[in-house]
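Please read these numbers as outputs of a predicted model, since none were measured by experiment. Whatever order the structure lists ligands and atoms in, that order sets their numbers, starting from 1.
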Amino acid sequence: ENSYETILVRREGRVGVITLNRPKALNALNMQAMNDVLAAATELDRDAEIGAIVLTGSEKAFAAGADIKEMGSKTGSDMYREDFFSEWDTFARLRTPKIAAVAGYALGGGCELAMMCDLIIAADTAKFGQPEITLGVIPGMGGTQRMTRAVGKAKAMDLILTGRQMDAEEAERSGLVSRVVPADSLMDTALEVAGKIASMSKPVAQHAVEAVNTAYETTLATGLQYERRVFHGLFSTADQKEGMAAFTEKRKPNFSHE
Ligand code: CO8
């Protein structure tokens with residue numbers, strides 16, 4: 001599985017781990033990295049043996065943004081013709097629960113990539129920011145949208161207009177990350193959370209991801225209707241029968257992921 005140029009991929013039980021690996025560029029996201037992450041994550045997503053994906057970087061950087069050197073000289077018409085970086089949307093839409101395990105810098109596209117995941121676990125060394133304005137642009141992989149939904153308008157404006165970095169504690173307080181842990185236990189915690197999620201029924205967890213994400217896309221009434229329909233529909237899965245039977249029989253469920 002390690003035939004990729006910019007990432008490392010490994011499996012730990014039902015968890016797939018993708019590690020961004022361009023240390024000399026602080027994991028800056030070039031086209032190759034986008035293609036590698038997309039290929040690896042799509043393969044893990046389709047694999048019935050994988051119930052959660054952890055995306056991580058190095059101790060120093062989750063990712064320091066899109067690759068400024070690769071991008072800098074492109075023209076507006078290049079960007080439009082290539083529909084530059086739009087394929088990241090495919091990553092964001094994968095339904096297998098995705099956890100970003102962030103240590104060090106998560107800046108620009110790196111912060112946006114973390115926000116494409118379903119939840120973010122941060123080391124106490126993590127630094128989040130959208131510094132694009134200091135480069136004469138604005139966020140382009142969802143920063144103005146997902147950051148605003150995650151932390152609210154006031155803090156999103158503050159971050160995006162000043163380009164300042166937010167530490168892990170502020171990120172947790174603001175609702176961007178679900179937990180902050182000491183840097184040396186980041187991967188243990190991320191793998192524990194991912195392992196727990198992966199022990200659930202995969203299709204049920206995938207429906208939960210879609211249902212939570214629907215909260216960002218629609219009105220409350222439509223979202224509630226969507227949730228209820230999904231809830232009803234899950235009664236046609238083997239795992240609902242197993243989960244409820246196991247409770248009644250006072251044993252652990254043995255999900256078949258069907
Ligand atoms: N792109 C390319 N190379 C980078 C990047 C990057 N984003 N970040 C760091 N590097 C490189 C540096 O150039 C340096 O390379 P070299 O050794 O060859 O000079 C190497 O990584 C190490 O970096 P530093 O020496 O700068 O390390 P420091 O510890 O001094 O500083 C920082 C770390 C603060 C993280 C600093 O590197 C930095 O500010 N990086 C840039 C952060 C940034 O501005 N990110 C936003 C990029 S723009 C973006 O992400 C837009 C996404 C939307 C695109 C979607 C379009 C539709």
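Between R149 and E217 there is no salt bridge, since no side-chain N of the basic residue sits under 4.0 Å from a carboxylate O of the acidic one. The existence of a salt bridge linking D47 and R11 is confirmed by a sub-4.0 Å separation between a basic side-chain nitrogen and an acidic carboxylate oxygen. A salt bridge is absent between E258 and K202; no separation between the charged side-chain nitrogens and carboxylate oxygens falls under 4.0 Å. A salt bridge is defined here as a Lys NZ or Arg NE, NH1 or NH2 lying under 4.0 Å from an Asp or Glu carboxylate O, and D45 with R95 fails to meet this definition. Looking at R229 and E227, no side-chain N of the basic residue comes within less than 4.0 Å of a carboxylate O on the acidic one, giving no salt bridge. Using a cut-off of 4.0 Å between Lys/Arg side-chain N and Asp/Glu carboxylate O, E82 and K74 are scored as salt-bridged.
Atoms of ligand 1 found under 4.0 Å from any heavy atom of P131 (numbered from 1 in listed order, with element): 43 (C), 44 (O), 45 (N), 46 (C). Every atom of ligand 1 is numbered from 1 in the order shown, and the set under 4.0 Å from a heavy atom of I68 is 1 (N), 2 (C), 6 (C), 7 (N), 41 (C), 44 (O), 47 (C). Short contacts between ligand 1 and D67, defined as distances under 4.0 Å to a heavy atom of the residue, involve ligand atoms 1 (N), 2 (C). Contact atoms of ligand 1 toward A25: 4 (C), 9 (C), 10 (N), 11 (C), 21 (O) (distance under 4.0 Å to a heavy atom of the residue).
A donor-acceptor pair under 3.5 Å is formed between the side chain of E242 and the backbone N or O of N254.
Atom 50 (O) of ligand 1 has its nearest heavy-atom neighbour, among P139, G129, G109, in G109.
Annotation: A64 places an N or O atom under 3.5 Å from an N or O atom of ligand 1; distance criterion only. Close N/O approach between L135 and ligand 1 is not found [any backbone or side-chain N/O within under 3.5 Å]. Close N/O approach between E112 and ligand 1 is not found [any backbone or side-chain N/O within under 3.5 Å]. Residue G108 places no N or O, backbone or side chain, under 3.5 Å from any N or O of ligand 1. Between Q165 and ligand 1, no N or O atom pair is found at a separation short of 3.5 Å.
Proximity of atom 30 (O) of ligand 1 to the protein is not indicated, since no non-hydrogen protein atom lies closer than 4.0 angstrom. By the definition of a contact as any protein heavy atom under 4.0 Å away, atom 38 (C) of ligand 1 is not in contact. By the definition of a contact as any protein heavy atom under 4.0 Å away, atom 27 (O) of ligand 1 is in contact.
With 3.5 Å as the limit, one finds no donor-acceptor pair spanning the side chains of T6 and N21. A donor atom on one side chain and an acceptor atom on the other are not found under 3.5 Å apart for D188 and S185.
Annotation: atom 53 (C) of ligand 1 to nearest protein heavy atom, G140 N, 3.6 Å. Counting only heavy atoms of the protein, atom 20 (C) of ligand 1 lies nearest to K24 O, 3.2 Å.
F231 and F235 have their aromatic ring centers within a separation under 6.0 angstrom.
Note: F85 and W88 have perpendicular aromatic rings, judged against thresholds of 30 and 60 degrees for the angle between ring planes.
With a 4.0 Å cut-off on non-hydrogen atoms, F84 touches ligand 1 through its backbone as well as its side chain. For M79, no heavy-atom contact with ligand 1 is shorter than 4.0 Å.
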